[in-house]
K.L.:
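A single structure is presented below for examination.
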Amino acid sequence: MAAEECNTAPDMQRRRLLQLGLGAGALLAIAGGGVALFQPGWEDHKLTARGRAVMAGVARAVLDGSLPSAAPAREQALAAHLARVQGTIAGLPGHAQKELSLLLSLLGSAPGRVALAGLSTDWSEASVPEIQAALKQMRDSSLAMRQQAFLALRELTNASYYADPSTWALLGYPGPNPL
């Protein structure tokens, strides 16, 4: 009987943990969905302040080493990058824009940022290493949703940044071959 109790106790703990996780996930989805309705990440064909903060933070981390090191030049490069990000998002189908708006809204809220990225500090205040660690957690997560969010943010950042010919020299790319 003692052996049965030992085997049952871990099963009960796992079941309880699973229930707690599902409950927390549902609560986050409801709360996050409510936040997204009132504070979207993309609205009227442009990034909102919340969306800009998330994408600027992601850009600082993903493009670390590619952005200019001097503060004024780095800020100018980030502003130009965010304009390209807006152009890239504007070219996406409507359903993709809505999904991205929800992702940016959730990541821009404190509960969503902590739950999805594991980042306790606001995007604009977090250091590059903190954001890189959060993105690495998303990339390495066992949850497909977190991995997909990471891939969307990274690919959007890289595609928008390196689409600008002025960044090609950083890669040693001379540009397309003239025909």
Side-chain angles (χ1 to χ4, degrees), residues 36 39-109 112-179:
Q39 298 177 353
W42 174 259
E43 188 175 50
D44 297 328
H45 307 291
K46 63 183 180 184
L47 288 167
T48 62
R50 177 173 282 196
R52 288 180 71 80
V54 172
M55 290 309 303
V58 169
R60 288 188 302 117
V62 171
L63 301 173
D64 186 40
S66 295
L67 292 170
S69 56
R74 184 176 51 254
E75 292 306 314
Q76 186 178 19
L78 278 171
H81 170 69
L82 290 174
R84 287 190 302 277
V85 167
Q86 282 191 165
T88 302
I89 296 171
L92 296 174
H95 66 65
Q97 290 179 12
K98 288 178 185 176
E99 289 174 8
L100 188 58
S101 179
L102 178 59
L103 174 62
L104 295 174
S105 179
L106 288 173
L107 286 171
S109 71
R113 184 182 66 246
V114 171
L116 289 176
L119 183 64
S120 59
T121 308
D122 194 273
W123 294 96
S124 59
E125 297 170 10
S127 69
V128 167
E130 288 174 322
I131 297 172
Q132 288 172 335
L135 292 173
K136 184 178 182 315
Q137 283 181 12
M138 292 173 72
R139 182 193 70 197
D140 297 342
S141 175
S142 60
L143 298 176
M145 178 182 68
R146 290 181 77 202
Q147 293 174 2
Q148 290 170 346
F150 163 77
L151 289 172
L153 294 170
R154 187 196 64 190
E155 289 177 13
L156 179 59
T157 297
N158 284 331
S160 298
Y161 187 74
Y162 292 110
D164 181 18
S166 71
T167 64
W168 296 349
L170 293 167
L171 301 172
Y173 177 60
N177 239 349
L179 297 177

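FYI, the numbering just counts along the sequence from 1. Excluded from the calculations below are hydrogen atoms, water molecules and symmetry mates; all remaining heavy atoms, backbone and side chain alike, are included.
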K.L.:
For R113 and T121, indicate whether the former's side chain and the latter's backbone hold a donor-acceptor pair under 3.5 Å.
P.N.:
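Such a contact is found between R113 side chain and T121 backbone.
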K.L.:
Kindly state each residue pair satisfying ring pair (Phe, Tyr, Trp, His ring centres under 6.0 Å) with at least one member in residues 123-146, sequence neighbours excluded.
P.N.:
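Every pair satisfying ring pair (Phe, Tyr, Trp, His ring centres under 6.0 Å) with a residue in residues 123-146: there are none.
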K.L.:
Closest approach of R50 and S109, non-hydrogen atoms and distance?
P.N.:
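The pair with the smallest heavy-atom distance is NH1-CB, 3.8 Å.
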K.L.:
Name all residues meeting the side chain to side chain donor-acceptor pair (under 3.5 Å) criterion together with Q86; count only those two or more places apart in sequence or in a different chain, and write none if there are none.
P.N.:
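Expected list: none.
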K.L.:
List the atom of L92, the atom of Q97, and the distance in Å for their closest heavy-atom pair.
P.N.:
O-NE2, 2.9 Å
K.L.:
Determine whether a donor-acceptor pair (N or O, by modelled atom type, separation under 3.5 Å) exists between the side chain of E130 and the backbone of S127.
P.N.:
yes
K.L.:
Please test V54 against L47 for side-chain contact (heavy atoms from CB on, under 4.5 Å), starting from the C-alpha separation and ending with a verdict.
P.N.:
CA-CA 10 Å; V54 172; L47 288 167; over 6 Å; no
K.L.:
Taking side chain to side chain contact (heavy atoms under 4.5 Å, CB included) as the definition, give me every residue that meets it alongside E155, ordered by chain and number, with sequence neighbours left out.
P.N.:
L151
K.L.:
Restricting to non-hydrogen atoms, name the atom on A61 and the atom on L135 that form the minimum distance, rounded to 0.1 Å.
P.N.:
CB-CD1, 4.0 Å
K.L.:
Which heavy atom in Y161 sits nearest to a heavy atom in S66, and how many Å separate them?
P.N.:
OH-O, 3.1 Å
K.L.:
What's the spacing between M55 CE and L100 CG if we round to 0.5 Å?
P.N.:
7.0 Å
K.L.:
Nearest 0.5 Å please: distance from the NZ atom of K136 over to the CZ atom of R139.
P.N.:
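That separation rounds to 5.0 Å.
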K.L.:
Who passes salt bridge (charged side-chain N to carboxylate O under 4.0 Å, His left out) against D164, sequence neighbours left out?
P.N.:
R84
K.L.:
List in chain and number order the residues that pass side chain to side chain donor-acceptor pair (under 3.5 Å) with T48, two or more places apart in sequence or in another chain; answer none if no residue qualifies.
P.N.:
none
K.L.:
Backbone N or O of S69 within a donor-acceptor pair of the R74 side chain at under 3.5 Å?
P.N.:
yes
K.L.:
Please enumerate all residues that pass side chain to side chain contact (heavy atoms under 4.5 Å, CB included) together with A59, with sequence neighbours excluded.
P.N.:
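Only L63, L78, H81, T157 meet the side chain to side chain contact (heavy atoms under 4.5 Å, CB included) criterion with A59.
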K.L.:
Would you name the heavy atoms of P40 and S101 that are closest together and state the gap between them?
P.N.:
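It is CB-OG, 3.4 Å.
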K.L.:
Given side-chain contact (heavy atoms from CB on, under 4.5 Å), test V85 with R52 step by step and report yes or no.
P.N.:
CA-CA 9 Å; V85 167; R52 288 180 71 80; over 6 Å; no
K.L.:
Start with the C-alpha gap between I89 and K46, add the side-chain angles, then the distance that decides, and say whether side-chain contact (heavy atoms from CB on, under 4.5 Å) holds.
P.N.:
CA-CA 8 Å; I89 296 171; K46 63 183 180 184; over 6 Å; no
K.L.:
I131 vs V62, test: side-chain contact (heavy atoms from CB on, under 4.5 Å). Steps then yes/no.
P.N.:
CA-CA 9 Å; I131 297 172; V62 171; over 6 Å; no
K.L.:
Would one find more than 12 heavy atoms of other residues, nucleotides or ligands at under 6.0 Å from atom CD of Q76?
P.N.:
no
K.L.:
Roughly how far, to the nearest 0.5 Å, is the CE atom of M138 from the CZ atom of R154?
P.N.:
11.5 Å
K.L.:
Nearest heavy-atom pair of T88 and L156: which atoms, and what distance?
P.N.:
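In this case the closest contact between T88 and L156 is CG2-CD1, 3.6 Å.
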K.L.:
In Å, rounded to the nearest 0.5 Å, how long is the span from CG of L107 to CG of L119?
P.N.:
9.0 Å
